[in-house]
Amino acid sequence: MSLLAVEHLSIALPPGGDRAHAVEDVSFTLEPGRVLCLVGESGSGKSVSAGAIMGLLPQALRPQSGTIRFEGEDLLAATPARLRSLRGARIGMVFQEPMTVLNPLMRIGDQIGEMLLAHRWAARALGPVKARIAALLEAVHLPDPGRIARAYPHALSGGQRQRVMIAMAMALEPSLLIADEPTTALDVTTQMQILRLLADLQRRRGTAVLFITHDFGVVAEIADDVAVMRHGRIVEQGTARQVLAAPAHPYTQSLIAAALHEGAPRIAAAADAAELLGVERLCKTYARAGIFTRTRARRALDSVSLSLRRGETYGLVGESGSGKSTLARSIVRLVQPEAGAIRLAGVDLRPLGRAAWKPFRKRVQMVFQDPFASLNPRMRVGEAIAAGPIAHGMARAAALARAADLLALVQLDPAAAQRFPHEFSGGQRQRIGIARALALEPELLIADEPVSALDVSVQAQILALLEDLRVRLGLTMLFITHDLRIAAQICDRVAVMRNGAIVEEGVTAQVFSHPAHAYTAALLDSVPGRNWRQGGAHG
Amino acid sequence: MRTVLRAMARNRGALGGAIFLALVLALAAFAHVLFPQSPWDMAGAPFTPPGQDGFLLGTDSLGRDVAAGIAYGARVSLLIGAVSTLAALAIGVGLGALAGYAGGLIDDALMRVTEFFQTIPSFILAVVLVAIFSPSLASIVGAIAIVSWPPVARVVRAEFRTLRAREFVQAAEVQGRSRASIVCREILPNALPPIVVLASLMVASAILLESALSFLGLGDPNLMSWGFIIGAGRSVIQLAWWVSVFPGIAIFLTVLALNLLGEGLGEALDPRLRQGTRL
Amino acid sequence: MSSSPDLAANVPAPSASLQAGLARSLLGLALRGAARLAKMLAVLLAIAIVNFLLIHLAPGDPATVLAGQSGAADPQFIAQLRHSFGLDRPLLVQLWLYLRHIAMLDLGTSYTQDRPVLGLILDRLPATLLLTGAAFAFALIAGIALGALAARRAGKATDTAVTILALAFYATPIFWVGLMLVLVFSVWLGWLPSFGMETVGAGYRGLDHWLDVGRYLILPALTLGLFYMAVYARLTRAAMVEVAGQDFIRTARAKGLTEGRILRRHILRNALLPVVTFAGIQAGQLIGGSVLVEAVFAWPGIGQLAFNALLARDYPVLLGVFLCTAAMVVVFNLATDLLYRLIDPRMAP
Amino acid sequence: MQDGITRRQALAAGGLAALGLMRVAEAEAAGIAPKRGGLLQSVITPEPPILILGVNQQAPTLEVGSKIYQGLLEFSETLEPKPLLAKSWEISADKTRYTFHLQPGVLWHDGEKFTADDVIFSIMQFNMTLAPRARAVFASIKSATAPDPMTVVLTLAQPFEPFLLMFDVTATPMMPKHIYDGTDYRTNPHNQTPIGTGPFQLDHWQRGSFIRLKRFEKYWKPGQPYLDGIVYRVIPDSQSRALALQTGQIALTSGNDIEPFDIPRFRAMPTLAIETKGWEMFSPLAWLELNNRVKPLDDVRVRQAISHAIDRKFIAERLWFGTAKPATSPIASTTRYHDPAAHLQDYDPKKAMALLDEAGLKPGAGGVRFTLRHLELPYGEVWTRLSEYIRAALGKIGIALTMESTDPGGWASRMSNWNYDTTINYLYQFGDPTLGVERSYVSSNIKKVVFTNTEGYSNPEVDALFAKARVAPDTASRRKDFYAVQKLLIEQVPVVWLIELTFPTIHKKTLHDVITLGTGVQGCFDDVFLA
């Protein structure tokens, strides 16, 4: 008997949505001790499926038909009290966003203890509560469990909180653990730690895991079985080995291709091209100073230097908080560094005031990370693109005509100029953002995590577009990303940042194949699916 | 905009509020048609109960028609509510925008000023201001504006701070746009929804504040306002309950309508609420 | 596992920050306390200056008023009064003297009552504190209870009823509520006294005295409290609905907790934090509202003192009451802030 | 006449007990004997700032202070002097020397003896310093001597017929010399604990709440006062006061305590008695004050027109619910020297309009002839209603009023700076035109001070008549002058007299002998009793 058997599950969406069902005729099984990855992009119905198993769907969503059998018992027919007694005790769950899943007003120990108390019958065999809490925290490799138990969530980092969540989910040794994108919000190194922890616990305890993810790299890392979902349906399922090696469905193929980031081989820019942008010993400290309040300074940029040659794509990689975005924003004067120099074609921009900077605006443009936040929701797309040229003196009519051309350039319908941003998908919006940046015909394009907010399949398209435009328009590009796979795909040279400083810099292939710095090595080691990737890349 | 209207129409409370407000506006606009005589005229015998001698809502201690008073009072209450709100918005949006956009020392200084004004109990401040500058339309509007702007400034500042950090504003900055263009075209339109909601609630509280001032005898003596009628009628409440009860109901309903409208607007303008997150 | 267990330890442990924090926390607390105090004094100073200037902008001076009240007056008499009040000195000198006296808690002497202002205020303060305290407690408790009820039954008839009730009290002029309560409970039903603070001459002692005061307190405290009850009910409901949508509530459900426990331990605790904080800041406004209520119910508090002083142009009293209420607000804000820091671990030093 | 009074008073004073007995007899005739005991619950509005008479002369201070302090005399409802701390007095034939014989055995509340020194101190020092009204009269005292501890002799520079009126407690209270002599009267620490000779002494004052007086056990009238004490509750809201009276929580209200519109309700209550007597000493007269400097108010026809436009009966009956009387003369009908034949301009809007036409003030757009500012009197609601009535009434003859409201301070300041067009004002007349009426009309009193001739009316004829009446020793010649000045003023309309205010005193019928004097509730209450 399968531990979990979902059969012909359909869950209706409230009327008025873009489709009738969140989940439609979904069936899969999970055997004891195995890891099933439910893979799909946003809106594919994977999280709704998990919610249905836990009985934690929003009120608007109700299962319409099908069954969910857990250890032989139909969960859809179970009473709320019965479900409650199963949740936590027999089925544990780990969520995506570690920063918000813990009650900020309750000590860690109490939050775990509360669960043990709620399932007293299940916890009784496991010994005294306090000792059990310490043991659990120890098991997820949290240092000084006693102190952690007394701490409040805000004192813990995201990775630590996710460990607490895992400890909590595993507290009563459930037979099923549902992990809903548990590593998506984490930095790569932390992500890998959590994945390893999960894998380790799973192996030792024999827990079955339903792992929800959008990343085939993660699948390669952890899955025994895979089910790929799209638009509420399962399009392909099988063992991980089988699906990764020979994806049958085109959608699965595209997802895997996107995860591998296989693109055209890089044609390295001439090494002797002239320098376009030079950054020298740039320093930026964020400080909150007050007369009485303690000054808490944070060095965001610690004497950073780099040099971009004309025509190259320069990658800046690092985890969140490493200072890469601060560097990008410093170059376009959204942030004002207190020391160092930023030379564009030999002119130091740092000391320039707002007005003196204006001519350089045309030469340096930026594409932003979040396509939903980077467009003014109350401004027509055409206006948004034309606003820049108009500000630099172009006639309005000409600017609007040019906006239409640019939309065509980024492969959108020129009629889009008349519409508002909310009428577009994330990928389309990012194209608009690129069109806006190109409207001023810049020499240097700074792309700050331009694809990290997009679904993997869309990421590939945007990256391809950027690469195409770069070549066609002869742009120089500073590309910022946390994703080493993307950097490897499109950058001529990369710099690895950590704690506001560049720890290593060089030609991409060189850096990635023979990292000189331990941190670079750790980063590379943390790329999910790296073994599978290497395998895939070589054959 | 159309979606906002549609969302509002779905909200029964907001719809009711809007309809009632339209009625009050009509009453104010056509007061001189419905009651050609001045509301100050002694139209009948003092203390005529409601319904007698053709006085729908009775008369007061001088034989003035309460219904006429309420009709003309609608003008005053709405006028004071609207004008003082506009004045408070002008101060609050100006200072809040400056503080939120400029940040740093300017922000710090302006916020201290705002805090300062929030520290003084606002009703006492309003009473003092009106009393000192002697009660008149201008002093009442001014006093209400002065005690009502700080919340606007705080909301606008918060909006400006968030919006200023939003990528589309940074994109505009990178485009090399002027500050005026960024503030007026990028930030302000997006900061408007909470301001609009706040404004409708402020009109409501301005009407309440005006009525309280009038109740204490600090109203403009040349204007027939609802607060004035209650103030004049409260002393005869045992003799002629209708004099203070009806204008009280008028205030209550109008303020209620404005609140419903404000909430409806708030829900309609906030997409998160529009989806109806409920427990 | 354990290909890199060291990395987990690399992440700064809470212990480190806690330990280091503990050492610095005392200093930090002291510094923050000093900062707060300095800010408080600055606000008070600003209030004193502004009030002083405002009231001196007023037409008419107390000497004229007093002269008028004595039934007849001659210029010599007025000059004599002006001199004895120091009104003939330059404004800046008057301000400087005023501030210097304030620093020594000397708020001056009432023109009309010939008594130290501080004494007058202190005489009236207990009544106002009792009224506002009772109103505040009632508003907070009833508001939170109603709000919680509405949030728990969101979308149902109870929710609608509570929402309508809250909106109704929110939209009704406070003085009008007072009048109507008097009309119903004193005039028609005769259950409760309509004015004053105690039965004078009854000579109650101990418990009887407080029961007596309690009877007098009910209507004014209700009048003042109902409006704020509405505010807190709405806030509580909104906060609870918001908290109920947050991730950690889903976590709590996933842990298999009962709905009751989730409501009490997770939703309510988190929702009450902003409500109580807001209420603490709002408490200052209660003092303003008490002016109206004290007028309607003849409650012998400082609100009434202020209004009478205003009408009589008794500057020192008015300034004193202002300063006093502002000081109370500042102290209240400070207390709220400290309380907030105590309750919310995120704000701990 | 003057001698007559003296003789009669001397006789009456011969037996003080007789006076008391007479009252008792009156009560017994009604079937009620004075009873000792009981606490009188009353109300005081607004709360007096201090209880020391002289330091403060406002009505609330007088009402409470008059139980604690006493004057040499008190005055009947017809304003005839009656003995109090002075058991008898004589006036010399040339009307310049007044000899007072003091009541023996009078003690201050602190046990000290009341003597002639206290009297001379009170007149020549205390009240001269503090009270402008007393100063104006007492300035003409040539000498004040005490031949023996129980006798005071005052010598005037010239005759002053209304002199005795100054010895009521409300004008010249007797103050303890041993406490105030040589100190700053205003800041004397004893100001918080008043020491008088009255039947009641201060027991407890809960600021903002109540003032409780208790019986002074060593009061000089044996067996009196009857009441154990009096509680004055502070209730600022008029409706709360009305409720308190209605529910029986208080037994006595006076002055402005009860708003006029509540009077009909209380009239209907069988347990309450309403009296309008007891204000004869003050006889407050309310008028519409016209700034005679402002055009077109400088035209007598315009002033007459305004007088014709106002229906005084409406005001008395509709606004004051019958507790006020339409004014008929600048000198109130309850005051000495009122001319019963005098009458003001009739209510006749047509005539008013004709007068305005005649003055060349034709109606313009919307029927408005001209616009004036009107400063409201900030003394309470009914005064606001009065202003509203006047606006309506003048509106009918084409005079538009723009209302301005202010607080008492602002009002007093605007008045004393003559910065107004029209306003409402009311003044006490203090029993004699020389004391209370003259000040509003003589040109020598046009001052930038409130309650003087602020309207700026100036007429040598009026000046002369008042001056003559001031020093005339006999009543007959004074009467002639005052009748003449009344006629003249009525024709000239320097201000538009409206109503004579008679503040109703409302008390439970179980409370007896409340109003027996021309000063009403500002009497000492030593014979008031509950039964």
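Below, all heavy atoms of this structure are taken into account, side chains as well, without hydrogens, waters or symmetry copies. Note that the structure is predicted; figures quoted are calculated from it, not measured. In what follows, chains carry the letters A, B, and so on, assigned in the order in which the sequence lines appear, proteins first and then strands, with residues in each chain numbered from 1.
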Task: Region of Ser181(B) in contact with chain A, defined by heavy-atom distances below 4.5 Å - done: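 Neither part; nothing is under 4.5 Å.
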Task: Contacting region of Ile182(B) [heavy-atom separation from chain A under 4.5 Å] - done: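 Just the side chain, heavy atoms under 4.5 Å.
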Non-hydrogen atoms of chain B under 4.5 Å away: do they reach the side chain of [X], the backbone, both or neither?
| X | answer |
| --- | --- |
| Ala437(A) | neither |
| Val367(A) | neither |
| Arg354(A) | side chain |
| Ile331(A) | neither |
| Met366(A) | both |

Report yes if the side chains of [X] and [Y] come closer than 4.5 Å at any heavy-atom pair, otherwise no.
| X | Y | value |
| --- | --- | --- |
| Arg361(A) | Gln175(B) | no |
| Phe168(B) | Pro421(A) | no |
| Arg378(A) | Glu186(B) | no |
| Ser178(B) | Lys358(A) | no |

Open item on the list: For the backbone of Leu334(A) and the side chain of Gln170(B), can you confirm whether one donor and one acceptor N or O come within less than 3.5 Å of each other?
Closed with: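 Between the backbone of Leu334(A) and the side chain of Gln170(B) there is no qualifying donor-acceptor contact (under 3.5 Å).
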Open item on the list: Shorter than 4.5 Å, heavy atoms on both sides: which option in Gly388(A), Ala391(A), Pro389(A), Pro442(A) has the most such pairs with chain B?
Closed with: Gly388(A)
- [ ] Please report the closest heavy-atom contact between Ser374(A) and Ala171(B), naming both atoms and the distance.
- [x]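 For Ser374(A) versus Ala171(B), the nearest heavy atoms are O-CB, 4.5 Å.
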TODO: Can you see which heavy atom on Ala387(A) is nearest to which on Arg177(B), and at what distance?
DONE: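 Nearest pair, atom of Ala387(A) first, then Arg177(B): CB-NH1, 3.2 Å.
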TODO: Quick one: pull up CZ in Arg166(B) and CG in Asp370(A) and give me the separation to the nearest 0.5 Å.
DONE: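 So the CZ of Arg166(B) and the CG of Asp370(A) are separated by 8.0 Å.
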Open item on the list: Under 4.0 Å between a side-chain nitrogen and a carboxylate oxygen: does that hold for Arg329(A) and Glu173(B)?
Closed with: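 Glu173(B) and Arg329(A): not salt-bridged.
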Open item on the list: For Arg185(B), is there an ion pair with Glu383(A) - N to carboxylate O distance below 4.0 angstrom?
Closed with: yes
Open item on the list: Using a 6.0 Å cut-off, check whether atom CZ of Arg363(A) has over 12 heavy atoms from anything other than its own residue.
Closed with: yes
Open item on the list: Surrounding CZ of Arg419(A) (heavy atoms of other residues, nucleotides or ligands, distance under 6.0 Å), is the total greater than 12?
Closed with: yes
